[in-house]
Amino acid sequence: MGTRARTRNTARMSRALGIALTPKAAKYLERRPYAPGQHGRNKRKQDSDYAVRLREKQRLRAQYGIREAQMTRVFEEARRTEGLTGENLIELLEMRLDALVLRAGFARTIAQARQLVVHRHILVDGQRVDRPSFRVKEGQLIHVHQRSETMTPFQVAAAGAHRDVLPDVPGYLDVQLEKLQARLVRRPKRAEVPVTCEEQLVVEYYAR
C-alpha cells in the first residue's frame, strides 16, 4: 500500500472513530468533521449499547495501533491486576515500547514509532529491542542506537520537530530529546495518559 493510500485509510478511520489518529488526519477532521460515506453528514441514529462499546474499544485499539488479539491479552492481564480494570488496561498499553517512543517525541505517529522499533533503531538499557509490544519497566532507559542517531528522522526528532503535534511529555517520562533518550521513571497513571477513551465502556465490551 502506498503512502497516499495509507493516509486516506487513516483519515477515513479517524473520521469513523471521531478521533485524529495522526497529525495529517487531524487536518482532514477539521475540514470534514463527520463520518465517511454518503450518510456521514446526517445525524447518526441512536447507537445500541453494544455499538457504543465496540466503537470505544476500536478507538483505543486504533490509538495504539494494535491487533485485537494483543488487546485481548492485555485486557486479561488488566483484569487480573489489582485496581480498576479500565485504568490498568490503559496503563499497561502505555508501557509498550512503541507508545513510549512516540510520547518521547522520537516519532510523529504510532505507526512510525513501531517502524523504528521493528527496524532495530531503539535500545532499552543498551540492548536492541525489535518488538513494539515490549513492556518497558520502571527505571529503564529508552534510547536510539548510536549508529542510527545521524539518520535524518532522528535528527529531525532531536531538533524537536514533532513536539508541535504531540501532547506535552507526560510526567512518567524523563526525556532528553537532544540526546534521543527517555527514561520511564514510574508506572503511568491513567489520568496522565494522552489517549481519548472512556475505558469503562471498553471493560463493558469485553465483559459482555
Side-chain angles (χ1 to χ4, degrees), residues 1-7 9-10 14 20-27 60-67 69-71 73-74 77 88-195:
M1 184 185 297
T3 301
R4 288 186 179 179
R6 282 195 298 270
T7 300
N9 285 346
T10 303
S14 295
L21 298 175
T22 65
K24 283 187 178 180
K27 295 179 181 178
L60 183 58
R61 261 189 61 201
Q63 287 173 86
Y64 283 101
I66 60 175
R67 299 186 301 275
Q70 293 174 302
M71 183 84 153
R73 282 196 298 272
V74 179
E77 182 180 353
N88 288 338
L89 173 62
I90 292 179
E91 290 166 8
L92 290 171
L93 288 171
E94 188 65 11
M95 294 166 77
R96 287 172 55 98
L97 179 57
D98 56 354
L100 295 175
V101 166
L102 175 64
R103 302 288 179 245
F106 298 171
R108 197 172 183 85
T109 66
I110 192 67
Q112 185 186 19
R114 185 167 55 248
Q115 188 176 47
L116 296 179
V117 175
V118 170
H119 290 174
R120 297 169 59 82
H121 296 301
I122 305 298
L123 294 80
V124 177
D125 284 349
Q127 301 296 315
R128 286 185 191 265
V129 179
D130 59 7
R131 286 189 300 112
S133 62
F134 177 86
R135 175 92 41 85
V136 180
K137 297 181 177 65
E138 294 177 41
Q140 288 191 313
L141 181 69
I142 302 163
H143 51 120
V144 174
H145 193 281
Q146 188 174 7
R147 291 181 182 176
S148 303
E149 289 179 353
T150 57
M151 294 173 60
T152 299
F154 292 114
Q155 289 294 302
V156 168
H162 304 325
R163 293 266 39 111
D164 61 326
V165 297
L166 294 175
D168 292 339
V169 176
Y172 43 87
L173 269 183
D174 178 18
V175 178
Q176 293 181 284
L177 196 54
E178 69 283 355
K179 294 182 179 180
L180 294 169
Q181 295 181 358
R183 189 180 299 277
L184 181 64
V185 294
R186 57 174 170 78
R187 180 185 170 110
K189 296 178 181 177
R190 167 60 187 111
E192 305 170 288
V193 178
V195 297

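The structure places CG of D130 at 10.0 Å from CG of L97, a figure rounded to the nearest 0.5 Å. Here CG of L93 is found 10.5 Å from CZ of R190. Values are rounded to the nearest 0.5 Å. Atom CG in D98 sits 12.0 Å away from atom CD in Q112 (nearest 0.5 Å). In this structure, CD1 in I66 is found 6.5 Å from CG in L60, a value given to the nearest 0.5 Å. Q181 CD to L177 CG: the interatomic distance, rounded to the nearest 0.5 Å, is 11.0 Å. Atoms CG and CZ, from L180 and F106 in turn, are 5.5 Å apart once rounded to the nearest 0.5 Å.
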Take I142 and D125, measure what side chain to side chain contact (heavy atoms under 4.5 Å, CB included) needs, and give me the verdict at the end. CA-CA 7 Å; I142 302 163; D125 284 349; over 6 Å; no
Report the C-alpha separation of K189 and E91 in whole Å, then their side-chain angles, then the decisive distance to 0.1 Å, and conclude whether the salt bridge (charged side-chain N to carboxylate O under 4.0 Å, His left out) test is met. CA-CA 6 Å; K189 296 178 181 177; E91 290 166 8; over 6 Å; no
Step-by-step side-chain hydrogen bond (donor to acceptor under 3.5 Å, both in side chains) determination, Y64 to Q70: CA-CA 10 Å; Y64 283 101; Q70 293 174 302; over 6 Å; no
Worked check of side chain to side chain contact (heavy atoms under 4.5 Å, CB included) between V144 and L123: CA-CA 6 Å; V144 174; L123 294 80; over 6 Å; no
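There is a side-chain donor-acceptor pair under 3.5 Å between H145 and R128.
Pairs of residues two or more places apart, or lying in two chains, that qualify as side chain to side chain donor-acceptor pair (under 3.5 Å) and include a residue from residues 151-166 are R108-H162.
Heavy-atom neighbours of Q146 CD from other residues, nucleotides or ligands within 6.0 Å: at or below the threshold of 12.
Ion pair R186/E192 flagged as a salt bridge, since at least one NZ, NE, NH1 or NH2 atom sits closer than 4.0 Å to an Asp/Glu carboxylate oxygen. Contact check on R183 versus E138 returns no salt bridge, with no Lys/Arg side-chain nitrogen under 4.0 Å from an Asp/Glu carboxylate oxygen. Electrostatic pairing of K179 and E149 does not count as a salt bridge here, judged by no charged N lying under 4.0 Å from a carboxylate O.
The backbone N or O of R96 lies less than 3.5 Å from no partner atom in the side chain of R135, so there is not a single donor-acceptor pair.
Not counting sequence neighbours, the partners of F154 by the ring pair (Phe, Tyr, Trp, His ring centres under 6.0 Å) test are H121. By the side-chain hydrogen bond (donor to acceptor under 3.5 Å, both in side chains) test, H143 is found to be paired with no residue, residues two or more places apart in sequence or in another chain being considered.
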